[in-house]
Amino acid sequence: HAGGWPVARAGALAAGHPLGQSLVDQLRSDAAIWTAVASPSPSATPVLRRELCFDGPVLEYGRPANDMLATVDRAAARTHVLEQLGLPADSRLVLYAPTRRPSDLRRRGDSDPGRLLDLLTVAAALPAGHRLLVRRHPGVPDDVAGLISGVLDVTAYPRVGELLLATDMLVTDYSALLADYAGTGRPALIFAPDLAEFAAAPGLNVDLEREAPGPILRTSAEVAAALRDIPAIVAEYREQAAAFAATHGSGSEGGAAGKLVDWLLAAGR
């Protein structure tokens, strides 16, 4: 396991999960044959132990995918992303990346990110020169339906860390990307129209209402209004983002991938 900080409950701690006890049984079966678990941070370790039913060695090296947050210049990342997406060099980016919900596993069409956020309303509200990117959770089956001019689906983009560096603002919810993006020093918009429902089932490992690294927004109109003045959001919530990164950061100091490879090579001797 080399994922991010488990903001949302998705393993043994999850309530009302469609797979129920069979999920827990599978986790225990899998954990019995694992040699170690890679944790994104010391604060994530006790949560991962409970979520994954694992009591063996834990490697607290950070999240390898986040190494570039400390080693790649933001301007260079933006330039490369814009080139790869075929966008003008002076474009500014907003990334919408929601996590999956329990219903995503039940009915086709439920996991379309455009079902939650009104992409047209949000794209129309962006300042001049800004483009809206949408990334669906890799574990859901649906594409982003109803894309409009000015909105790009970047689900297939190979390095999400590069997208995080390149974007001016992340719009997400209960995704581990919330902790990853906090490592850039910038706040995020938390679009959570179903916060009470999600907190009840499957549940959260983070009290977002107390420590969110940005404003919690309930409607597409609120997201659109916030995005009209991104610098104001950054200035207002910078301290909250820094506090969230200190507590729930997913290893943005660099070197995690090298440490994990060194451990694998040593373990194989």
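The shown structure was predicted, so the numbers you read here are calculated from the model rather than taken from an experiment. All values below were derived from every heavy atom in this structure, side-chain atoms included, with hydrogens, water molecules and symmetry-related copies excluded.
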Item to check | Sidechain-backbone polar pair: Arg74 side chain, Leu165 backbone, donor-acceptor under 3.5 Å | outcome: yes

Checklist entry - To the nearest 0.5 Å, what is the distance between CD1 (Ile190) and CG (Asp173)? => result 9.5 Å

Item to check | Steps toward salt bridge (Lys or Arg N to Asp or Glu O under 4.0 Å) verdict (Arg49, Glu60) | outcome: CA-CA 12 Å; Arg49 285 196 181 279; Glu60 295 174 340; over 6 Å; no

Checklist entry - Side-chain contact, heavy-atom cut-off 4.5 Å: Trp5 with Val47? => result yes

Checklist entry - So, the side chain of Arg78 versus the backbone of Ala166: is there a donor-acceptor pair under 3.5 Å, distance only? => result yes

Checklist outcome for this item: Between Leu195 and Leu204 the two heavy atoms that sit nearest each other are CD1-CD1, 3.9 Å

Checklist outcome for this item: In terms of heavy-atom contacts, Leu95 and Leu163 come closest through CD2-CB, 4.2 Å

Next on the checklist: Donor-acceptor pair, distance only, cut-off 3.5 Å: does the side chain of Glu162 make one with the backbone of Ala77?
Outcome noted: no

Checklist entry - Does any non-hydrogen side-chain atom of Leu48 lie less than 4.5 Å from one of Pro6? => result yes

Next on the checklist: Any side-chain to backbone donor/acceptor pair from Arg186 onto Asp168? Under 3.5 Å, distance only.
Outcome noted: yes

Checklist entry - Quick one: do Leu177 and Tyr157 end up in the same hydrophobic cluster if we chain Ile, Leu, Val, Met, Phe, Trp and Tyr together by side-chain heavy atoms under 4.5 Å apart? => result yes

Checklist entry - Side chains of His130 and Ile230: does their closest heavy-atom pair fall under 4.5 Å? => result yes

Checklist entry - Checking side chain to side chain contact (heavy atoms under 4.5 Å, CB included) against Phe191, which of Pro98, Pro215, Ser220 comes through? => result Ser220

Checklist entry - To the nearest 0.5 Å, what is the distance between CD (Gln26) and SG (Cys53)? => result 11.0 Å

Checklist outcome for this item: Here the pair of heavy atoms bringing Leu217 nearest to Ala226 is CD1-CB, 4.1 Å

Item to check | Minimum heavy-atom distance between Ala89 and Leu82, given as atom pair plus value | outcome: O-CD1, 3.4 Å

Next on the checklist: Once rounded to the nearest 0.5 Å, what's the spacing between atom CD of Gln84 and atom OG1 of Thr79?
Outcome noted: 11.5 Å

Next on the checklist: How long is the straight-line distance from CH2 of Trp34 back to CG of Leu27, given to the nearest 0.5 Å?
Outcome noted: 6.0 Å

Checklist entry - Is the closest side-chain heavy-atom distance between Ser175 and Val7 below 4.5 Å? => result no

Next on the checklist: Within the structure provided, determine whether Leu117 and Val134 are in side-chain contact (heavy-atom separation under 4.5 Å).
Outcome noted: no

Checklist entry - Are any of the side-chain nitrogens in Asp153 or Arg136 under 4.0 Å away from the carboxylate oxygens of its partner? => result no

Next on the checklist: Looking at every heavy atom in both Asp67 and Ala256, which two are closest together, and how far apart are they?
Outcome noted: OD1-N, 2.9 Å

Checklist entry - According to a 4.5 Å side-chain heavy-atom criterion applied to Ile, Leu, Val, Met, Phe, Trp and Tyr, with indirect links allowed, do Leu87 and Val154 form part of one hydrophobic cluster? => result yes

Item to check | side chain to side chain contact (heavy atoms under 4.5 Å, CB included) between Val151 and Tyr96, intermediate numbers included | outcome: CA-CA 10 Å; Val151 181; Tyr96 174 49; over 6 Å; no

Next on the checklist: Quick test of your reading: applying salt bridge (charged side-chain N to carboxylate O under 4.0 Å, His left out), list the pairs with at least one residue in residues 190-202, sequence neighbours left out, ordered by first then second residue.
Outcome noted: Arg101-Asp194

Checklist entry - Could you go step by step and tell me if Leu59 and Trp263 meet the side chain to side chain contact (heavy atoms under 4.5 Å, CB included) rule? => result CA-CA 9 Å; Leu59 312 176; Trp263 179 87; 3.6 Å; yes

Checklist entry - Quick one: which of Arg50, Arg9, His248 gives a side-chain hydrogen bond (donor to acceptor under 3.5 Å, both in side chains) with Asn205? => result Arg9

Item to check | Ala15 versus Ala201, closest heavy-atom pair with distance | outcome: O-CB, 3.2 Å

Checklist entry - Ile33, Val24: one ILVMFWY side-chain cluster at the under-4.5 Å cut-off? => result no

Item to check | Verdict with reasoning, Ser43 to Thr247, per side-chain hydrogen bond (donor to acceptor under 3.5 Å, both in side chains) | outcome: CA-CA 7 Å; Ser43 65; Thr247 304; over 6 Å; no

Next on the checklist: I want to check something: taking the side chain as every heavy atom from C-beta on, are Thr167 and Leu133 in contact at a cut-off of under 4.5 Å?
Outcome noted: no

Next on the checklist: If I take atom CG from residue Asp229 and atom CE from residue Met169, how far apart are they, to the nearest 0.5 angstrom?
Outcome noted: 9.5 Å

Checklist entry - Within a reach of under 6.0 Å around CG of Asp55, are more than 12 heavy atoms found that belong to other residues, nucleotides or ligands? => result no

Next on the checklist: Measuring from atom NE2 of His80 to atom CG of Leu85, what distance do you get when rounded to the nearest 0.5 angstrom?
Outcome noted: 10.0 Å

